[in-house]
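Working notes, beginning with the structure itself.
To find a chain, count down the sequence lines: A is the first, B the second, and so on, and within it residues start at 1.
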Amino acid sequence: MSTIQAIKGTRDILPGEVIRWQQVEAIAKAILERAAYREIRPPVMEFTELFARGIGEATDVVSKEMYTFPDQSKKQRSLTLRPEITAGLVRAFIQNKLFAEGSVQRLWHIGPAFRYEQPQQGRQRQFHQLDVEVIGSRNPRADVEVIAIATDILQALGLKSLRLDLNSVGQGEDRQRYREALVSYLTPYQDELDPDSRDRLTRNPLRILDSKAPRTQEIVQSAPSLLDYLGSDAQRHFDQVQQQLTALGISFQVNPRLVRGLDYYTHTAFEIQSDDLGAQATVCGGGRYDGLVAQLGGPDTPAIGFAIGLERLIILLEQLQRQPPPALDFYLVARGGKAEAQSTVLAQTLRQSGCSVELDLSGSAFGKQFKRADRSGAVACLILGEAEAESGLVQLKWLASGEQTELSQAELYAQVPDLLATIHPLRADAIS
RNA sequence: GCGAGCGUGGCCAAGUGGUUAAGGCAGUGGAUUGUGAUUCCACCAUUCGCGGGUUCGAGUCCCGUCGUUCGCCCCA
């Protein structure tokens, strides 16, 4: 087979699916703008160093999943296709000195990210995220705002039975003390841990907490809890987040074993999961990252954000089976030289006055054209044959009822506002 | 990186070693030279992802390879 195909783990989003993506984008944008978030569009490539420093050299994402390559310059700079979006946004924040514009920046971005992994359900090499960040506030209300936006978006899309898991991973010193406690608890069980976890005991012990290996899970059950090691600041912050979530009626469960895989998280960490996604259950993940901006060379600035995985979201929406019908006002049928010529003008004129019109280009028998009209999803059909073309008339046929009237083309144009007023409620009926 | 399943026309598929590869949907042309969810007819895979092997004979068995799906790892 010599035809060129899409790269493994990438795929075309075809016209039939794009409707869903647009729906997600429209709802997300509306909700974000209501909360005064502004869109930002950073590049998809960055210097490799940004991710190495920002996400952490030891993380799986940086150590084995990045698309990294030298560019064509003499210097052979090392570039990387972004494996996540936050680091690039923070870079943009620092470089453009957005911190000078005001104390808090609320930003959002939708776009692709890239990781070299084995594809499976809900996981691709090129995938898309909706990324939302609040940079410049240490207040727990910022955490709550961000979480509320995430749940609002998912709810507005009609998704139910999602779980919100919440945890606090504390600050630097808290986590250091906990880490030591965890290691000393786990070391006696060293030989019973699964190989991956044994490996992490020295490198990244916190990640052992959410291992799926059954024996490891048993051992971890009675391990010391991160929550017992939170300092008073961290504890107060976490309490306030919980209280306010409750006040907003957002239900959640505290999961002391929720640990996120990127090094930059502090304090609040959260995940929204679904049971309908197979192994990749997380639709939304996020948390606070108070140290990242400074770590990347900016002023000491706290921040919190999340990312929603759009492919995973789309999978859930498909399960809801609510496919909006194609939005088309008129299907224009024409047959015969003069009629076909006129139909182009008719279509153009109607489009310019606000109608959506699909023009049948085949010139085939009326029967065939009506069949296509039927399938197009149009509300009404306009018919232009030789007789109409000669006398400046057009037939208007309502496809649902079969009712048909004849009118002059001039009358048709004059009636456009009335027709649209009739057609759009019909379309709305079809959706609900 | 590891493990398992699957790859037959645009789509869904039957076919498990024996002459010309079912069927359905969609598409095209016609019955109906101007009226659509009905009907009828015709056309639509020199070939079963690709390469090699076993065999008198392979879509069917074996090996490799690519793709895909699900899982591990990890994450959105």
Side-chain angles (χ1 to χ4, degrees), chain A residues 1-11 14 16 55 59-66 82-86 110-132 150 194-197 199-200 204 207 210-213 259-262 270-274 277-287 305-316 331 333-336 339 360 362-378 380-389 395-404 406:
Chain A
M1 191 197 340
S2 62
T3 51
I4 297 176
Q5 6 186 354
I7 296 166
K8 178 172 184 164
T10 72
R11 47 178 248 121
L14 298 172
I55 300 172
T59 59
D60 284 40
V61 169
V62 171
S63 64
K64 56 183 202 196
E65 294 174 358
M66 296 207 299
R82 62 183 183 194
E84 55 100 55
I85 292 175
T86 302
I110 284 184
F114 306 84
R115 287 182 203 169
Y116 189 85
E117 298 185 276
Q118 286 310 314
Q120 67 186 69
Q121 158 121 283
R123 197 176 67 192
Q124 286 170 264
R125 291 183 175 182
Q126 174 173 346
F127 59 103
H128 298 78
Q129 291 188 331
L130 164 63
D131 206 72
V132 173
D194 61 284
D196 285 318
S197 295
D199 204 44
R200 287 197 199 104
N204 195 353
R207 293 217 50 80
D210 57 9
S211 167
K212 284 181 191 165
V259 180
R260 308 201 31 81
L262 311 182
F270 68 95
E271 262 181 23
I272 299 176
Q273 301 197 327
S274 165
L277 282 173
Q280 259 59 45
T282 305
V283 213
C284 174
F306 67 80
I308 288 181
L310 265 22
E311 279 78 4
R312 293 181 187 175
L313 189 55
I314 300 283
I315 291 171
L316 294 174
Y331 190 95
V333 162
R335 182 164 166 85
D360 194 304
S362 69
S364 53
F366 278 99
K368 302 287 180 192
Q369 295 198 50
F370 276 103
K371 201 167 181 180
R372 282 184 217 114
D374 194 43
R375 286 178 188 176
S376 73
C381 182
L382 291 166
I383 304 133
L384 208 52
E386 283 302 272
E388 289 83 3
Q395 307 281 342
L396 171 65
K397 177 168 183 173
W398 298 94
L399 286 165
S401 65
E403 187 189 330
Q404 182 171 327
E406 183 179 78

Using a cut-off of 4.0 Å on non-hydrogen atoms, how would the nucleic acid contact of A:Glu388 be classed: base, sugar-phosphate, or nothing?
base

If you look at every strand shown and take non-hydrogen atoms under 4.0 Å, does A:Gly286 touch a base, only sugar-phosphate, or nothing?
nothing

Whole-Å C1' distance, B:G7 and B:C12
15 Å

Starting from P on B:U69, measure out to CZ on A:Arg125 and report it in whole angstrom.
11 Å

Between A:Gln118 (CD) and B:A76 (C1'), how many Å, whole number?
18 Å

B:G71 pairs with which nucleotide, Watson-Crick or G-U wobble, both distances below 3.5 Å?
B:C2

It should be established whether A:Gln120 places a side-chain nitrogen or oxygen under 4.0 Å from OP1 or OP2 of nucleotide B:G71.
yes

Heavy-atom distance under 4.5 Å between the side chains of A:Arg125 and A:Gln118, does that happen here?
yes

P atom, B:U68 versus B:C62: distance in rounded Å?
23 Å

Contact class for A:Gln280 vs. all strands (heavy atom < 4.0 Å): base, sugar-phosphate, or nothing?
base

Take atom P in B:G3 and the same atom in B:G15, then report the distance between them in whole Å.
31 Å

Just how far, in rounded Å, is P of B:A76 from CG of A:Leu130?
13 Å

Would you indicate what A:Lys8 reaches in the nucleic acid, counting non-hydrogen atoms under 4.0 angstrom: base, sugar-phosphate, or nothing?
sugar-phosphate

For residues A:Arg115 and A:Phe127, determine if any side-chain heavy atom of one lies less than 4.5 Å from a side-chain heavy atom of the other.
yes

Between atom CD in A:Glu403 and atom P in B:G36, what is the gap in whole Å?
17 Å

Mind checking if A:Gln369 touches a base, just sugar-phosphate, or nothing, with heavy atoms under 4.0 Å?
nothing

Touch check for A:Glu386, heavy atoms < 4.0 angstrom, all strands: base, sugar-phosphate only, or nothing?
base

Take atom P in B:A42 and the same atom in B:G23, then report the distance between them in whole Å.
11 Å

Watson-Crick or G-U counterpart of B:G7, or none if no pair lies under 3.5 Å:
B:C66

Evaluate the side-chain proximity of A:His128 to A:Ile110: yes if any heavy-atom separation is below 4.5 Å, no if none is.
no

Determine the interatomic distance between P on B:U33 and the same-named atom on B:G29; round to the nearest Å.
15 Å

Checking all strands, does A:Leu399 fall into the base, sugar-phosphate, or nothing category for heavy-atom contacts under 4.0 angstrom?
base

Separation of the C1' atoms in B:A4 and B:A37, to the nearest angstrom
44 Å

Of the options B:U35, B:G34, B:C72, whose atoms approach the side-chain atoms of A:Arg335 most closely?
B:G34

For atom OH of A:Tyr116 and atom C1' of B:C2, their distance in whole Å:
13 Å

If you define the side chain from C-beta out and look only at heavy atoms, does anything of A:Phe270 sit under 4.5 Å from A:Cys284?
yes

Indicate, with a heavy-atom threshold strictly under 4.0 Å, whether A:Gly385 touches base, sugar-phosphate, or nothing.
base

Distance alone, cut at 3.5 Å: any donor-acceptor contact between the side chains of A:Gln129 and A:Glu84?
no

B:U32 pairs with, by Watson-Crick or G-U criteria that keep both distances under 3.5 Å:
none

Hey, does A:Cys381 have a side-chain heavy atom less than 4.5 Å from the side chain of A:Val333?
yes

Check the distance between B:C75's P and A:Asp196's CG and give it to me in whole angstrom.
12 Å

At less than 4.0 Å, is any side-chain N or O atom of A:Arg375 found next to OP1 or OP2 of B:G27? Yes or no.
yes

Using the C1' atom in both, what is the distance from B:C11 to B:U35, to the nearest Å?
29 Å

Taken to the nearest whole Å, CH2/A:Trp398 to C1'/B:G36 is 16 Å

Nearest atoms (heavy-atom pairs only) where A:Pro119 meets A:Lys8:
CD-CE, 4.0 Å

Any side-chain N or O of A:Gln121 under 4.0 Å from OP1/OP2 of B:C70?
yes

Looking at A:Arg11, I'd like to know whether one of its side-chain N or O atoms comes within less than 4.0 Å of OP1 or OP2 on B:U68.
no

Assess whether one donor atom and one acceptor atom, taken from the side chain of A:Arg207 and the base of B:C75, lie less than 3.5 Å apart.
no

Please confirm whether the shortest side-chain N or O distance from A:Lys368 to OP1 or OP2 of B:G29 is below 4.0 Å.
no

Using whole Å, what does the distance between atom P of nucleotide B:C72 and atom CD of A:Glu117 come to?
13 Å

A:Arg115 near the nucleic acid: base, sugar-phosphate alone, or nothing, with a heavy-atom cut-off under 4.0 Å?
base

So A:Ala307, base contact, sugar-phosphate only, or nothing? Heavy-atom distance under 4.0 Å.
sugar-phosphate

Nucleotide nearest A:Phe366 when distance is taken to its side chain, options B:G34, B:C2, B:U68
B:G34

Between B:G36, B:G1, B:C72, which nucleotide has the shortest distance from any of its atoms to the side chain of A:Asp374?
B:G36

Hey, which of these two, A:Lys64 or A:Gly9, hits RNA chain B nearer its 5' end, going by closest nucleotide?
A:Gly9

Give one of base, sugar-phosphate or nothing for A:Gly336, where a contact means two heavy atoms less than 4.0 Å apart.
nothing

Between A:Thr10 and A:Gln124, name the one whose nearest nucleotide on RNA chain B is closer to the 5' end.
A:Thr10

After noting the C-alpha distance and the side-chain angles of A:Gln121 and A:Leu277, does the key distance pass the side chain to side chain contact (heavy atoms under 4.5 Å, CB included) rule?
CA-CA 7 Å; A:Gln121 158 121 283; A:Leu277 282 173; 5.7 Å; no

Nearest of B:G34, B:G29, B:G36 to any side-chain atom of A:Ala387?
B:G34

Go through B:C75, B:U35, B:G67 for me and flag the one nearest to the A:Gln395 side chain.
B:U35

Of the listed B:G1, B:G36, B:C70, the closest approach to the A:Lys371 side chain comes from B:G36

Any donor-acceptor pair under 3.5 Å linking the side chain of A:Arg82 with the backbone of A:Pro112?
yes

Applying a 3.5 Å limit to both distances, which nucleotide forms a Watson-Crick or G-U wobble pair with B:C56?
B:G18

Integer angstrom distance from the P of B:G27 to that of B:G67:
33 Å

